[in-house]
Number of protein chains: 2
Amino acid sequence: MNDVARLAGVSSQTVSRAVNSPNLLSPATLAKVRRAIDLLDYHPNVAAQSLANRTVKMIGLFMPFTQEQVKSNMFFHSLSATVCQRCAQHDFVLQLFTANPDESYVRLFKRLYREKRVGGLLLTCPSMNTKEIGELRSSAVPFVLIGRPAAPDLDVDYVDVDNAAGAHMAAQHLLNKGHRDIALLNAPKFMTLSEDLRSGVQRACQEQGEPVRFTEIHSELTYKSGLEIMRRLIASDSRPTGIITADDLLALTVKRAADEARLRIPEDIAVISTFASGWYDVMEPELTHVDTGFERIGIVAAEHMMKVILKKNPPPLRTVLDVKLTEGKST
Amino acid sequence: MNDVARLAGVSSQTVSRAVNSPNLLSPATLAKVRRAIDLLDYHPNVAAQSLANRTVKMIGLFMPFTQEQVKSNMFFHSLSATVCQRCAQHDFVLQLFTANPDESYVRLFKRLYREKRVGGLLLTCPSMNTKEIGELRSSAVPFVLIGRPAAPDLDVDYVDVDNAAGAHMAAQHLLNKGHRDIALLNAPKFMTLSEDLRSGVQRACQEQGEPVRFTEIHSELTYKSGLEIMRRLIASDSRPTGIITADDLLALTVKRAADEARLRIPEDIAVISTFASGWYDVMEPELTHVDTGFERIGIVAAEHMMKVILKKNPPPLRTVLDVKLTEGKST
DNA sequence: TTGTAGGCGTTATCAG
DNA sequence: CTGATAACGCCTACAA
């Protein structure tokens, strides 16, 4: 910076102004400084900037991935891609963090913030409990939950897609097609997602005048676990006629189990997914699914966090994004 | 830091030592300082550290993802997960970057380094040309290529899996099973991967005594493009008996096209993939594939970059990781 | 084994 | 509109 100042014949403060508030300079000085900046290929040191500014233009994205989840969960990948692009547009940077065996979630989050590594965090912790969230809330660390918190009254920023509504739509769709024996191949019990899906389906069943049989089964959101469950379910004497899956990967297990049992989709058994990540393309017949547009989650979360970091005091974030049904040929 | 020093009754320098070189302190002082650190929950400010140290313990991972690639390419996701974990173990941080429409690759890389955002970069640019690489090399930006550079004589650090050997193995496997009419469903032309695969298969064909018919087709590494190609290929009068795919996603398109044409795998047509990411699980019958252990790429690359950043002067990185064949039931 | 002085590269504040 | 001065929080070098 001093080199630039010397070359331009101004003080270093003027160089700073040329970078941060060019409108405060006279056109002539600005031009001079800019030429010097280009000539020397000067780039401000962001470490020095955040030291002087006391603001860190970096967002941390936390994803507690295990090997299994990494391989099958395209949601995480899509999320990081979206957030990364959004950050870049605002001169922010995205940092990735994952679970650390010898440090609790909350401790890690606090540390990252106190070390000024990040200005705030985006958290995808499907199992973070109320106590942990409360602790984090009282610690001044800015954060946004991806997915809704277990206790809805908690005063916390979050974004989610409306999974309950999605499940409701999915169930209604099957009911309208005449199905009266429905199974929900759900996510693991500990995920709040799993509650949302169940309640959505149940509500649809209750709204239906006639009696409906409803079975819920928790999978691990992996192909292996889903396939095992579906094989058992299809072989059982009480095979449902319609299946709602938490995920398009699970829908593939329905297809496979049906193939093995020589059942046709949708004639013998119908499938609908409340979520479609990349597995969707591979499904045959084309999968009826709830289109969550989950890419929006990352955008909303990142946008909010950047405002918080820049001290723009945005209103609390309690966003539940709407979803819609896309009919394929599997129902 | 000053607060800690005051509380412990020492100078701030001693606090610094307690953090960075505890062995230089007497046990008594160290204990005192540590107690103060815990009491005040002190965490060093990393921005100040890198300013004073002139070293940035951050690694940038660049992935030029488009929407399509994001959804289908689990390689990228797996890579970021691996690197993220490895970084965390050494108190490094991973930052994610993607292509920016109004800035060239090289310009972006230089900027990130000059701004001291990252200490070095890991680059997954399947199409970066020799000129760009040369320009980057002469710019003092530390970087490691993921995948080999187009010009092998370029004096550049890189890690790759031995795709040529993998393709060679795959072709040999088919030849040993008696196939004499082989097709390679390859990656896009511009990727160096695509050359490697072709050369591996060709070598295997030449080594075979008898004449072998070999067809190469470039896909876009997406389900849609692969399926189109496979439908045409299977319908044509010169349908190959064995197919080598660049990817397990492409292997799924073979399966689908075969199903549609009522061909059985492996009796009527055999499939083998030179790479298996997460799609592998979904394939039926179990996919014969080259096991690249590509997770190792991220580890090797990150490990090297951290040494470079810490000025440990590691030897040049010219690593081509070995691969092995895993036989399934699709050949 | 510990403390002091000075600097890392930037910005805020206050004068002019 | 521009410049001087003092931080920002830490570390290196040197001195004691």
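Throughout, protein chains are lettered first and strands after them, A, B, ... in sequence-line order, and every chain is numbered starting at 1. Any value given below was found using the heavy atoms of this structure, including those in side chains, with hydrogens, waters and symmetry copies removed.
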> Using 0.5 Å steps for rounding, measure from the CE atom of A:Met128 to the OH atom of A:Tyr105.
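Rounded to the nearest 0.5 Å, the CE-OH separation comes to 9.0 Å.
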
> CG/A:Leu310 to CZ/A:Phe92 distance, rounded to the nearest 0.5 angstrom?
4.0 Å

> Heavy atoms only: give me the nearest A:Met58-B:Met58 pair and the separation to one decimal.
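Smallest interatomic distance, heavy atoms only, reads CE-CE, 3.7 Å.
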
> Please enumerate all residues that pass salt bridge (Lys or Arg N to Asp or Glu O under 4.0 Å) together with A:Arg34, with sequence neighbours excluded.
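Salt bridge (Lys or Arg N to Asp or Glu O under 4.0 Å) list for A:Arg34, sorted by chain: empty.
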
> Please report the distance, rounded to the nearest Å, between CZ in B:Arg6 and C1' in D:dG9.
14 Å

> In the 5'-to-3' direction, what one-character label does each nucleotide of nucleotides 1-10 of chain C receive under the scheme B = base within less than 4.0 Å of a protein heavy atom, S = sugar-phosphate only, - = no such atom?
SBBB---BBB

> Take atom CZ in A:Arg107; do more than 12 heavy atoms of anything else shown fall under 6.0 Å from it?
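Count not over threshold, so no.
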
> Quick check on the helix from C:dT1-D:dA16 to C:dG16-D:dC1: what's the angle between its two end axes, five base pairs per end, to the nearest 10°?
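Result, rounded to 10 degrees: 30°.
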
> Would you compute the distance between atom CG of A:Leu154 and atom CZ of A:Arg148 and round it to the nearest 0.5 angstrom?
11.5 Å

> How long is the span from the OG atom in A:Ser12 to the CZ atom in A:Arg17, to the nearest 0.5 Å?
9.5 Å

> Measure from the ring center of B:Phe143 to the ring center of B:Phe62 and say whether it is less than 6.0 Å.
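No; B:Phe62 has its ring centre 6.0 Å or more from that of B:Phe143.
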
